[in-house]
Every structure is written in structure tokens, then in C-alpha cells.
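Naming: A, B, ... by sequence-line order, numbering from 1 per chain. As the structure is a prediction and not an experimental result, all values here were calculated from the model.
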2 protein chains.
Amino acid sequence: MEELIEYILQFGNLNKQQIELVISKGQILQLKKEDYFSEAGKIPKQVGFIVEGVIRGCYYNNKGEEITRCFISENSLVCDYVNFEANASSSEYLQAVTDCSLIVFSKKNWEELSHIIVGWDNIKNKMVQLCMYQKSRKGPVISQDATTRYLEFLENYPSLTNRVPLSYIASYLGVTQQSLSRIRKNIR
Amino acid sequence: MEELIEYILQFGNLNKQQIELVISKGQILQLKKEDYFSEAGKIPKQVGFIVEGVIRGCYYNNKGEEITRCFISENSLVCDYVNFEANASSSEYLQAVTDCSLIVFSKKNWEELSHIIVGWDNIKNKMVQLCMYQKSRKGPVISQDATTRYLEFLENYPSLTNRVPLSYIASYLGVTQQSLSRIRKNIR
DNA sequence: GGCATCATTTACCAAATGGTAAAAAGTGCA
DNA sequence: TGCACTTTTTACCATTTGGTAAATGATGCC
């Protein structure tokens, strides 16, 4: 739980008792590679914090191709938050890319924290907003060519290169797997 | 102001007195085409709501090319919100594409609303989060080809086609202006 | 170990897009 | 109206990327 607490304290202060309250509401969740954390068409039921592992957001486009939209790794929140809040069904899958250890909060527990910790809403919203902001900033830039997008991916996600299948990275970067393979060859 | 109130009430209820408080904190701002609402390298000073006009988010990439990252039009919030909250300098410009009428809230007034209206924070955060969420969903999809991206742009932003220069749309879609011109020709 | 299965690389050609340049169309102003 | 200026279109060819297919490399299971 230490990682989670350290993460939270970036966004505001909590005393020991409040930290205990947060911990008491969280539960450990282990996901096996390819398990879903949440699914398209279903209402997201929990907020997660990744202690170990990689999760991706993905969906199927109208050609039936599977597209990876984002990667989330250690020490980050994982949740389709807007739909979690609105009790609306999600349009994408959140799927474990590797075996994962998470700390998760049910909707009930997550909401209770707002009632029992003064200032929790403030921390919570800063966390969620930073999360959304970073996703939009660390993603591939559409105006760059594929090689540049791959090089920036390596910079932004150095720890992912060897634990994520090439096909996921390819659809994330908007190129075919074959093109990405060729790009990697040309870089060396 | 009616548009703003209607927009806000989507996210939660306010009584007449509270609505008056919101109105009392907002100010009218007129922007001329190409004026900046906020600038890269500067700390965003206000939150805006677009009553009339179009604003774009843009920046200069490392080749010095000007890249449009998003379009925001009537009945939407406009703000680099994370940096506004954090008093951090922005990495992009928010620039009027057409003459604009806005209702703006200074940082001081925006924060005061949190103190004087119970439940304002809740409304505010839902607004901001939906705003960020939509930006990530309405943007061009990197795994689609340029023609598809343009067609989806037309669907997502039908009102922008004739009031935004082609060059802005081109960089937004990640193609050169010449390519976009060719694409438009082939669609007809 | 050997086999089946899946992931990645390579090759080939077709199609899409970029870069440069020039022409055409549109806009504002004297 | 006519001129200067900006925006958009068009054309040409080089380069990048996609689509299909097959070969190679990895991985897990019996």
C-alpha cells in the first residue's frame, strides 16, 4: 500500500488516521495476463491503482480491428472515470497486458472516502484530472511520422518496450505491425 | 448568460440565488480573430465559456511547425485547466479562430464560487472532467487513414467546416494542407 | 525433445501521403 | 475596380505506409 499512499500524498496532505481510512477501503486485486479490469458495454465498478503490471485501454473499431488506445503502468490510477461516476457503460476494455497487482476501490468505498475524509474530494479530483491530462499529453502525436511516434513512445514509456506485444504498440501508434517491425529494423 | 446557466445545470442543480452568484462572478470577454485567450509559457489566468465563436489549442513542434491540437466552439468550457489549477505555465496557446464572445471567470472569482455555493465543486469537477473526456474522444483516431479522419471530423464538428482555415484542420488531422485539399476533392 | 501455436520479421508491390512548386481562387483595402 | 496579399487547389515525383503472403523465431504443452 505504500506506493498508493505516496502517490496520493502528491496531491494533498492526509494525517495518519486518514491514511488508515484510505487503506481500509482498498482491496488487493490480482489480474492474470489478458484478464479484463473493466469491459466495453459494462458500467465500470471500481477505481484501481496499479502496484505492479501493465494495463491497456482498447476497443474494436468498425472493421473489427482491435485498437489499443492507451497503456497504464505502475503507480497510476486506472479507471474509465467519467463513466464510473455517471454509472454509464464504458466504450472500451481495460485489459491486463501482464499479470497485475492492483489496489481497488469499489464505488461504494470510493464514495465513502468523500464523506469521511475532509479534503478527499479535492485530492481525488486532482488525481483524476492529472490522469486524464497526462493521457492526452503522452500519447502519439498524429502530425508526426511513424518513426518519430515510435521513438517518442520509447521515451515516454521506456519500461514497456519489452513487456508489451508489438501488435499492441503498433495499433497504439497507428501503424500496422509489419510497418512497426520495419521501423524498428531501420532504427538500429 | 442563459447558455452558460443551461450548460451548468446539466451537471447539478442550483437555486435562483446560486445562479445569480455564478453570474455575478463572470465577465464578458470579446476576442478578435487571432487574439490569444491564453499563451504557451504563461500561467492560465481564467476559465472561459464560449458563447459565440471558435477557439483552437495549438503549439509549435520542434520543427517550428504550428500544430492545432483541438477546436473548441460554442457552449463549451475553454481552459488549460490542470495548469490553471496548479498555477503552472501552459504548453500551448488557446487562440481565437473567429471573433469570439466569452464569459470568463478570474481565478479569484472561480475559487470564490467554491466557497459560496455548496455543491459547486461537484458541478465544477464534473464539467472539467467531461470536457477533458470529450476532447480525448472527439479527436482524430491515429489508426484511421486521412480520409476517414476528415470524414469523422466533419461529423464531429459539422459547424466548423466553413469557419476554420484549411491549414488548421490539416495539422489537426495530421496531414499536410495539400493532402487534405486532395482528399476533399476526391470525396466530392 | 518435438509439436502446435502464436509473435515477429521479411519481402514484394500497390496505395497513400509528403515536399516542392506553381497556378488559381478568395479577401481586404486603397 | 484594381492591386497586394493570403488561402486553397493542382501537379509532379519521392518517400512512407499498407496489404498480402511467407519465412523465421519464440513459447508453452504433451
Between the protein and nucleotides 18-20 of chain D, which nitrogen or oxygen pairs are less than 3.5 angstrom apart?
from	atom 1	to	atom 2	distance (Å)
D:dG18	OP2	A:Thr176	N	3.3
D:dG18	OP2	A:Ser179	OG	2.8
D:dG18	N7	A:Arg182	NH2	3.3
D:dG18	O6	A:Arg182	NH1	3.4
D:dT20	O4	A:Gln178	NE2	3.3

Between the protein and nucleotides 5-8 of chain D, which nitrogen or oxygen pairs are less than 3.5 angstrom apart?
from	atom 1	to	atom 2	distance (Å)
D:dT8	OP1	B:Leu166	N	3.2
D:dT8	OP2	B:Leu166	N	3.1

Provide a list of protein-nucleic acid N or O atom pairs under 3.5 angstrom, restricted to nucleotides 25-27 of chain D.
none

Anything under 3.5 Å between a donor and an acceptor, one on a side chain of residues 14-27 of chain A, the other on a protein residue two or more places apart or in another chain? List them.
from	atom 1	to	atom 2	distance (Å)
A:Asn15	OD1	A:Gln17	N	3.1
A:Asn15	OD1	A:Gln18	N	2.7
A:Gln18	OE1	A:Asn15	N	2.8
A:Ser24	OG	A:Leu21	O	2.7
A:Lys25	NZ	A:Glu112	OE1	2.5

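Using a 3.5 Å distance cut-off with no hydrogens or angles, the side chains of A:Ser90 and A:Asn83 do not pair a donor with an acceptor. B:Gln46 and B:Asn109 are not linked by any side-chain donor-acceptor pair at a separation below 3.5 angstrom, with hydrogens and angles left out of the test. Using a 3.5 Å distance cut-off with no hydrogens or angles, the side chains of A:Ser181 and A:Arg184 do not pair a donor with an acceptor. At a cut-off of 3.5 Å, with distance as the only test, a side-chain donor of B:Glu152 or B:Gln144 sits close to an acceptor on the other residue. Side-chain atoms of B:Arg137 and A:Ser91 include a donor-acceptor pair closer than 3.5 Å.
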Fill in the blank from the handout: Quick tally for nucleotides 23-30 of chain C: nucleotides whose base has a protein heavy atom under 4.0 Å get B, sugar-phosphate-only ones S, the rest -, giving --------
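Residue A:Lys33 contributes atom NZ, which lies 8 Å from atom P of C:dA7 at whole-angstrom precision.
Checked against B:Leu130 for a side-chain contact (heavy atoms from CB on, under 4.5 Å), the options B:Met132, B:Gln134, B:Lys126 give a single hit: B:Gln134. Under the side chain to side chain donor-acceptor pair (under 3.5 Å) test applied with A:Tyr60, the options A:Glu65, A:Glu66, A:Glu92 reduce to a single match, A:Glu66. For the ring-ring contact (aromatic ring centres under 6.0 Å, His included) test with B:Tyr172, the passing option among B:Tyr150, B:Phe153, B:Tyr59 is B:Phe153; the others fail.
Note that A:Arg56 lies in the cation-pi zone of A:Tyr168, set by a 6.0 Å cut-off to the ring centre and a 45° limit from the axis. Judged by a 6.0 Å distance limit and a 45° cone about the ring axis, A:Lys138 is positioned over the six-membered ring of A:Tyr157. With a 6.0 Å cutoff to the six-membered ring centre and a 45° limit on the axis angle, A:Lys107 counts as a cation-pi contact of A:Phe84.
By the 4.0 Å N-to-carboxylate-O rule, A:Arg149 lies too far from A:Glu155 to be salt-bridged with it.
Near DNA chain D, meaning a heavy atom under 4.0 Å from it, residues 139-156 of chain A has A:Asp145, A:Ala146 in order of number.
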Exercise for the section: Would you please test B:Lys32 and B:Asp35 for salt bridge (charged side-chain N to carboxylate O under 4.0 Å, His left out) and show each step? Expected result: CA-CA 5 Å; B:Lys32 287 281 176 199; B:Asp35 282 352; over 6 Å; no
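The two residues B:Trp110 and B:Met127 make their nearest non-hydrogen contact at CH2-CE, 4.1 Å.
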